Peer 1: 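One structure coming up, written as structure tokens, with questions to follow.
As the structure is a computational prediction, the values presented were derived from the model and not from experiment.
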Amino acid sequence: LVLGGEITHGLSRNWALYGSADGRGRWYRDLDTGDFLTGDLRGGVSYTEGRLNTRLGVVGGAYTLDNRRIRDSYGVNGDVRYLVTPSDQISGNLGVVRFRYRPDALESQNFD
């Protein structure tokens with residue numbers, strides 16, 4: 001199962017706020033240890049001028065396996081989109097995210 005969405009609120013002609021959420025999960029009939037659930041949140045500000053759209057924001061998420069919270073993530077991101085034609089765009093994205101494992105036994109798996 002996968003669900004997600006985004007909402008944008010215009011502040012002015014060029015500025016807007018955005019927020020989005022995504023959730024993914026899988027539940028097995030005969031293998032409970034394989035059940036997982038992830039949730040991710042994003043929010044930030046966007047600026048649009050002509051064909052160019054720039055967004056800066058924060059991200060956060062959690063990963064649960066077998067009904068046990070395993071990993072949290074958080075960071076910042078930015079992206080730029082340029083509308084080349086009405087049906088084509090070029091985009092670039094940069095993000096910095098930290099992944100932190102909650103169980104002490106998995107702490108050595110932390111990464112950025």
Peer 1: Do V97 and Y63 share a hydrophobic cluster (ILVMFWY, side-chain heavy atoms under 4.5 Å, transitive)?
Peer 2: yes
Peer 1: Taking R51 for its side chain and V84 for its backbone only, find out whether a donor-acceptor pair lies under 3.5 Å.
Peer 2: yes
Peer 1: With side chains defined as the heavy atoms from C-beta onward, is the minimum distance between N53 and S46 less than 4.5 Å?
Peer 2: yes
Peer 1: Between CG of L17 and CG of L11, what distance do you get to the nearest 0.5 Å?
Peer 2: 4.0 Å
Peer 1: Is the closest side-chain heavy-atom distance between D40 and V59 below 4.5 Å?
Peer 2: no
Peer 1: Can you name the nearest heavy-atom pair linking T33 to L65, along with the distance?
Peer 2: O-CD1, 3.6 Å
Peer 1: Side-chain heavy atoms nearer than 4.5 Å, only ILVMFWY residues, links allowed to pass through others: does that put Y74 and L41 together?
Peer 2: no
Peer 1: Find the distance between OH (Y101) and CZ (R69) and round it off to the nearest 0.5 Å.
Peer 2: 13.5 Å
Peer 1: Are V80 and I90 joined in one hydrophobic group, where the rule is that I, L, V, M, F, W and Y side chains link up if heavy atoms are under 4.5 Å apart?
Peer 2: yes
Peer 1: For F99, is the NZ or CZ atom of R71 found under 6.0 angstrom from the centre of its six-membered ring and inside 45 degrees of the ring axis?
Peer 2: no
Peer 1: Got a sec: does the CZ of R26 have more than 12 other heavy atoms crowding it under 6.0 Å?
Peer 2: no
Peer 1: Donor-acceptor pair, distance only, cut-off 3.5 Å: does the side chain of N14 make one with the backbone of T48?
Peer 2: yes
Peer 1: Determine whether R55 and R81 make a side-chain contact, defined as any pair of heavy atoms from C-beta on separated by less than 4.5 Å.
Peer 2: yes
Peer 1: Work out which heavy atom in D22 is nearest to a heavy atom in G4; give both atom names and the distance.
Peer 2: OD1-CA, 3.4 Å
Peer 1: Do the non-hydrogen side-chain atoms of W15 and V45 ever get within less than 4.5 Å of each other?
Peer 2: yes
Peer 1: How close do A16 and G10 get, counting heavy atoms only, and between which atoms?
Peer 2: CB-CA, 4.0 Å
Peer 1: Minimum heavy-atom separation for Y28 to L31, with atom names?
Peer 2: CB-O, 3.5 Å
Peer 1: State whether the number of non-hydrogen atoms from other residues, nucleotides or ligands found under 6.0 Å of L1 atom CG is greater than 12.
Peer 2: yes
Peer 1: Roughly how far, to the nearest 0.5 Å, is the CG atom of L37 from the CG atom of D66?
Peer 2: 12.5 Å
Peer 1: Taking atom CZ of R100 and atom OG of S73, what is their separation to the nearest 0.5 Å?
Peer 2: 10.5 Å
